[in-house]
Amino acid sequence: MQAQIHYELEDSYEHGDDSVEYILENALMPNDDSIEFRHLLEEYHSQLTFSCDCKNDCTSCCHGASYKYNDQKKELILQEQQPAIIECNDLCTCRRQPNLCKNRRVQYGPRKQLEVFDSRRYNSKGVRTNVDILKGSFICEYVGELLTITEARRRLENVDRDKLMNYILCLREFSKAKDLSVNPSQTTIVDPTCRGNIGRYLNHSCNPNCEILAVRINSPIPKIGIFAKRDIVALEELCFHYGGGEDGPQESFSKRIMCRCASLNCSGFMPNSII
Ligand SMILES: C[S@@+](CC[C@H](N)C(=O)[O-])C[C@H]1O[C@@H](n2cnc3c(N)ncnc32)[C@H](O)[C@@H]1O
């Protein structure tokens, strides 16, 4: 069973490859009758009840007002220093329209003018932009099948054994306890190998122009939002750090492979996978 999209999400990209299904939002992995799966299923069908009753445009919304308009007032971009984003949801009384609520962006779908292309640097597919992009702009979500940890480990074994490209992304969120110790609070694993969106084509860079952030809308399971980490010029390839970067949330792909990013600070290898 796939969850309903409650809001209108615009996404006209496609894979151009019949072996991969284009899906607009995360779908559950097949039921393997495990307790872990049942827990994931329960979360998947839960609704966040934390809603706002803003009468204005949500600039001082209880969700934290993560976005602001750029100087030309054309696009909502991230406010500085956002470790996690909670957008307004279906239970909020604010109006679901870009010019009426400023706390909704990811739920409207990927930005336009992205292109999947054959990246010479990575010797495989990549994503580039056909226009300039401002720092803090939303690129797209990293959409795929939601996996349990056990299923992710099983699939990663196959990836390593058969030396396949690895699309499994594990987002780890951390919380600070009263004694200031930092503890893992939630792990979200997304696999767009067979079912996913345009986000599956972004490559890794040790000096990336994009970053990933946890974004919650209706569900307690976060979406993995990809945002511009700096201003980006037209035709630049879009990349993010598969290991979360220095201070981003931790996520990882599979075993050690040589990194092709060619940045000055390249570590030589792609981030290791520890799920
Ligand atoms: C999420 S996919 C990215 C899209 C992929 N290039 C494609 O053609 O579908 C991740 C895979 O791309 C390749 N890749 C991504 N970043 C890389 C890098 N910095 N160096 C080498 N290979 C990379 C690896 O094969 C990796 O398993």
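Start at 1 and go down the list; that is how both ligands and their atoms are numbered.
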If you count the atoms of ligand 1 from 1 in the order shown, which ones are under 4.0 Å from a heavy atom of [X]?
X    : answer
Y167 : 1 (C), 2 (S), 7 (C), 9 (O)
C259 : 19 (N), 20 (N)
R260 : 18 (C), 19 (N), 20 (N), 21 (C)
Y201 : 4 (C), 9 (O)
L202 : 1 (C), 3 (C)
H204 : 15 (C), 16 (N), 18 (C), 19 (N)
M258 : 20 (N), 21 (C)
M165 : 5 (C), 7 (C), 8 (O), 9 (O), 25 (O), 27 (O)

Side-chain donor-acceptor pair present, [X], [Y], cut-off under 3.5 Å:
X    : Y    : answer
R155 : N158 : no
H15  : Y201 : yes
S66  : Q79  : no
N265 : N207 : no
N26  : Y44  : no
N70  : E75  : no

Give yes or no for whether the N/O distance cutoff of 3.5 Å, strictly under, is met between [X] and ligand 1.
X    : answer
N166 : yes
S205 : no
Y142 : no
R200 : no
S124 : yes

As a check for students: among N123, I257, N203, identify the option with a heavy atom nearest to atom 12 (O) of ligand 1. N203
Measure the acute angle between the ring planes of F50 and H63, then classify it against the limits of 30° and 60° as parallel, tilted or perpendicular. perpendicular
Please report the shortest heavy-atom distance between M270 and C259, naming the atom on each side. N-CB, 3.9 Å
Member of E237, E115, E236 meeting the salt bridge (charged side-chain N to carboxylate O under 4.0 Å, His left out) criterion with R128: E115
Report the part of L169 in contact with ligand 1, treating N, CA, C, O as backbone and CB onward as side chain, heavy atoms under 4.0 Å; options are side chain, backbone, both, neither. neither
Greater than 12 external heavy atoms within 6.0 Å of K135's NZ: no
